[in-house]
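Contents: one structure, followed by commentary.
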Amino acid sequence: MTGGRVPLIAVAHGSRDPRSAVAVEALFERVRRLRPGLDVRVGYLDHVAPGPGAVVAALAAEGAGEVVVLPALLTAAYHSKVDLPGVLSPIRAAHPWLRIRYADTLGPHPLLLDALERRLAEAGVAGAPDTALVLASAGSGDAGANAVVEGIARELAARGPWREVRAAFASAASPTPDEAVRDLRAAGAARVAAACYLLAPGFFADRVRERSAAAGAEAVSDALGDCPELARVVLDRYDAALRPVGTGVR
């Protein structure tokens, strides 16, 4: 522990693809630079060590009396609602003196729209009346999480000047990215691009890129990864979790 601040434990999903952890670690190194003295640690729910339980236990052993656990996920669904709380339950039982504050997921947040536009600009894409956009997320069995992505698509459309912005899902829901690209082409869009609403590169980002391109997308942006806007979202969620009124202790 450093700086007398409540440590932040960011918990990402984890992936077998090593590019994913590299991107996640780079993002949280950026967070450390933005908030010097804040003890920022990263854990993973699957595929990559350390797990969140090990990170929390290590901080408890070092004398922490309070921590903020941040689900490093873009939507609130099974992993943030069930999986991670289930992992934390025995940790709470083993360390009853440790106060665990549970922050909100990264998304939705207005800064994520800026991050999406940053990645699109890097891919050479800008909104235009003849250009349609597919906003592609991983997808979820949680209808509420998918509805959030659809809401983000509407917000991007309102920022314009896109012809249309349509949500798509790489798994668990429809339309898929390739279906959305083909539908937009059939509806008369002269150009179609795709934006990856994903935290890090890996299986789903590759699927979005490959299937969107195969269906006729002219450009596909990278996953959000290590970008300034996302680092600011992390600190916003951290600060909110520590306020007396807000997310609070769960």
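One is the number of the first residue; the rest follow in order along the sequence. Keep in mind that the numbers below use all heavy atoms, side chains included, and drop hydrogens, waters and symmetry copies.
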Between [X] and [Y], is there a shared hydrophobic cluster once you connect ILVMFWY residues whose side-chain heavy atoms come closer than 4.5 Å?
X: Leu70; Y: Leu199; answer: yes
X: Trp162; Y: Val192; answer: no
X: Val24; Y: Phe203; answer: no
X: Val165; Y: Val134; answer: no
X: Leu116; Y: Phe169; answer: yes

Do [X] and [Y] touch side chain to side chain, with heavy atoms closer than 4.5 Å?
X: Val68; Y: Tyr102; value: no
X: Asp39; Y: Arg5; value: no
X: Leu235; Y: Arg232; value: no
X: Leu106; Y: Leu73; value: no
X: Ile9; Y: Val42; value: no
X: Thr75; Y: Ser137; value: no
X: Leu111; Y: Leu230; value: no
X: Arg101; Y: Leu242; value: yes

With rounding to the nearest 0.5 Å, note down the distance linking [atom1] in [X] to [atom2] in [Y].
X: Asp46; Y: Arg16; atom1: CG; atom2: CZ; value: 7.0 Å
X: Asp239; Y: Arg243; atom1: CG; atom2: CZ; value: 6.0 Å
X: Leu27; Y: Leu224; atom1: CG; atom2: CG; value: 9.5 Å
X: Leu198; Y: His13; atom1: CG; atom2: NE2; value: 12.0 Å
X: Leu59; Y: His95; atom1: CG; atom2: NE2; value: 10.0 Å
X: Arg185; Y: Arg182; atom1: CZ; atom2: CZ; value: 12.0 Å

Output, in order, the C-alpha distance, side-chain angles, deciding distance and verdict of side-chain hydrogen bond (donor to acceptor under 3.5 Å, both in side chains) for Asp236 and His109. CA-CA 10 Å; Asp236 187 56; His109 192 288; 3.0 Å; yes
Show your reasoning for whether side-chain contact (heavy atoms from CB on, under 4.5 Å) applies to Arg30 and Asp226. CA-CA 7 Å; Arg30 181 185 291 271; Asp226 173 26; 2.6 Å; yes
At their closest point, which heavy atom of [X] faces which heavy atom of [Y], and how far apart are they?
X: Gly202; Y: Asp17; value: CA-OD2, 3.6 Å
X: Val48; Y: Ser15; value: CG2-O, 3.4 Å
X: Cys196; Y: Val208; value: SG-CG1, 3.6 Å
X: Ala180; Y: Ala168; value: CB-CB, 4.0 Å
X: Ala195; Y: Leu133; value: N-CD1, 3.9 Å
X: Glu218; Y: Ala190; value: OE2-O, 3.7 Å

Using only atom types and a distance under 3.5 Å, with no angle test, would you say the side chain of Ser171 pairs donor to acceptor with the backbone of Ala138? yes
Give a yes or no answer on whether the side chain of Arg32 reaches the backbone of Val40 with a donor-acceptor pair at less than 3.5 Å. yes
Sorted by chain and residue number, the side chain to side chain donor-acceptor pair (under 3.5 Å) partners of Thr176 (sequence neighbours excluded) come out as Asp178, Glu179
Pair Leu8, Val234 - check side-chain contact (heavy atoms from CB on, under 4.5 Å), show working. CA-CA 10 Å; Leu8 168 63; Val234 168; 3.8 Å; yes
For a salt bridge (Lys or Arg N to Asp or Glu O under 4.0 Å) check, start with the C-alpha distance between Arg209 and Asp222, then their side-chain angles and the critical distance, and finish with the verdict. CA-CA 8 Å; Arg209 181 173 299 279; Asp222 290 337; 2.8 Å; yes
Applying side-chain contact (heavy atoms from CB on, under 4.5 Å), run through Leu112 and Tyr197 and close with a yes or a no. CA-CA 9 Å; Leu112 294 181; Tyr197 187 61; 3.4 Å; yes
Walk me through whether Arg119 and Glu117 qualify under salt bridge (Lys or Arg N to Asp or Glu O under 4.0 Å). CA-CA 5 Å; Arg119 293 298 185 229; Glu117 290 176 342; over 6 Å; no
Step by step, would you call Glu62 with Arg41 a salt bridge (Lys or Arg N to Asp or Glu O under 4.0 Å)? CA-CA 13 Å; Glu62 293 170 26; Arg41 308 198 186 187; 2.7 Å; yes
Report the C-alpha separation of Arg154 and Leu135 in whole Å, then their side-chain angles, then the decisive distance to 0.1 Å, and conclude whether the side-chain contact (heavy atoms from CB on, under 4.5 Å) test is met. CA-CA 10 Å; Arg154 289 192 293 272; Leu135 178 68; over 6 Å; no
Residues Arg211, Asp206; criterion salt bridge (Lys or Arg N to Asp or Glu O under 4.0 Å); working and verdict: CA-CA 8 Å; Arg211 296 191 177 181; Asp206 288 348; over 6 Å; no
